[in-house]
Amino acid sequence: MSVAKKNPAKRFFAALGPGLITGAADDDPSGIATYSMAGARLGTGMLWTALLTWPLMAAVQMMCARIGMVTGMGLMKSLRRRFPKPIIVTFSLALFAANTINVGADLLGMADAAEMLVGVKAGFFVVLFGVIITVTSVRCDYQHIARILKWLCLALFAYVITGFIIKPDWSSVARDTFIPSLPRGHDAIQMLVAILGTTISPYLFVWQASQEVEEEKAQGLNRISLREGASQGAINTRALDVGAGTFFSNLVMYFIILTTGLTLYRHGITNIETSKQAAEALRPLAGAFAATLYTIGIVGVGLLSIPTLAGSAAYAFAETFAWKQGLNEKPKAAWRFYAVFVLAMAAGMALYFLKVNPVKALFWTAIINGVLAPFLLTAILFVASDTKLMKKQPSSMVARICVGLTALLMFAAAAGMRSEERRVGKECRSR
């Protein structure tokens, strides 16, 4: 028996991979900004969303992982086997647009944080971080990139530590965590849709499935026929990986809302639009050390999440149009795939120099993701339930019910937001 099998801790850490990276990438600088807005505007009243979305997020990611493992194909390529190409093209275009704005917002968040730490103008860091991420992703193979991304996950612990530094009243926090306060009013419902769109985001669906394919390619399984099917042991290992990754992601989300809710909201600082503003506002309230940790975390998670944003857009297009793809491929062999990656990065950097406010656009991108995600989830459900396409290894009924409930929740939240907008509009016109 191997050492990994004898030692549960070693076996656990050996299992961590695509699920951990995908889960941690969900807490990108734009996500941090959204969760900071939730805490600043609504206090700790939205803490329960971190608890609610963990099993939902885990079920969705595991279903996408299973699709990649069993079919041997990425998500969009699998969807192409079941749906007309124009629908998949629409999904890919929407994903590219949303991801590009996210890349721009994340680069700006990282650059602002770096400017706060060292005093150099943000524009310099937008270019520096953008070039470093692009060159590393194009020149390094998948295994090197995966190792780098796994180590960058450690940056997220900054937010957990910050939450303890402010010494919260845990009894009050527990009440807001386990007794949900349903959102009332347009702003609260809009924030719920934004949280759902940020937490259960389409780019994570694509990235998770594509990473499964990359993992198998790295083992020499370069043909789809060699990658088809998965052992129950491999599926169980990935379930552990996804469960840990999504738990870690939502734990960080929880502490960001907690920190900003107990500091900014309580002191009436509710107009927070960027992670930089959150960090600056935290300094006099939570102390310099907490604010610095918060700021360092933004840079670390940006380096983790931006490759997944640009990469998932590249995978989506490559799978939709049957291009050669993969971070293990040489740029000359998969030039279209890398061209989409570079275009997403370049467009993201351009947002800063065109004076576009990517953070305001980002909030609406989260809402758009919250509206579009349930449609994509419905399509994923069809694929995951297809016995033939899934090689007689479809997702379990429990998983399908959980993902179906996730889609319904997101449909309901989007409908609730739309209904509230109409009500507010009628009130304004009646005045």
Could you walk me through whether N236 and L240 satisfy the side chain to side chain contact (heavy atoms under 4.5 Å, CB included) test, starting with their C-alpha distance in whole Å, then the side-chain angles of each, then the deciding distance to 0.1 Å, before giving a yes or no? CA-CA 6 Å; N236 291 342; L240 176 64; over 6 Å; no

State the OG1-CG distance between T136 and L303, to the nearest 0.5 angstrom. 9.0 Å

How far does CE of M76 sit from NZ of K85, to the nearest 0.5 angstrom? 13.5 Å

What's the verdict on ring-ring contact (aromatic ring centres under 6.0 Å, His included) for F164 and F255, showing C-alpha distance, side-chain angles and the deciding distance? CA-CA 9 Å; F164 281 99; F255 275 97; 5.4 Å; yes

Output yes when a side-chain donor or acceptor of [X] lies under 3.5 Å from a complementary backbone atom of [Y], and no otherwise.
X: S181; Y: G45; result: yes
X: S396; Y: A399; result: yes
X: S249; Y: G245; result: no
X: D386; Y: F382; result: no
X: R82; Y: V383; result: no

With sequence neighbours excluded, give me every side-chain hydrogen bond (donor to acceptor under 3.5 Å, both in side chains) pair touching residues 49-61. T53-N250, W54-T246, Q61-Q208

Show the numbers, then the answer: is there a side chain to side chain contact (heavy atoms under 4.5 Å, CB included) between Y352 and V127? CA-CA 10 Å; Y352 174 82; V127 176; over 6 Å; no

Side chain to side chain contact (heavy atoms under 4.5 Å, CB included) between F83 and I88, worked out: CA-CA 7 Å; F83 297 97; I88 311 306; 4.1 Å; yes

Kindly determine whether Q393 and I235 satisfy side chain to side chain contact (heavy atoms under 4.5 Å, CB included), including the steps that lead there. CA-CA 10 Å; Q393 291 182 285; I235 290 174; 4.1 Å; yes

Donor-acceptor side-chain pairing of [X] and [Y] below 3.5 angstrom:
X: E319; Y: S78; result: no
X: E214; Y: Y315; result: yes
X: Y254; Y: T177; result: yes

Do the side chains of R227 and E212 get close enough for a salt bridge, i.e. N-O under 4.0 angstrom? no

Quick one: list whatever passes side-chain hydrogen bond (donor to acceptor under 3.5 Å, both in side chains) with T100, sequence neighbours left out. none

Does a side-chain heavy-atom distance below 4.5 Å link L376 with L79? yes

Using the ring of each side chain (for Trp, its six-membered ring), is F317 parallel, tilted or perpendicular to W323, with breaks at 30° and 60°? parallel

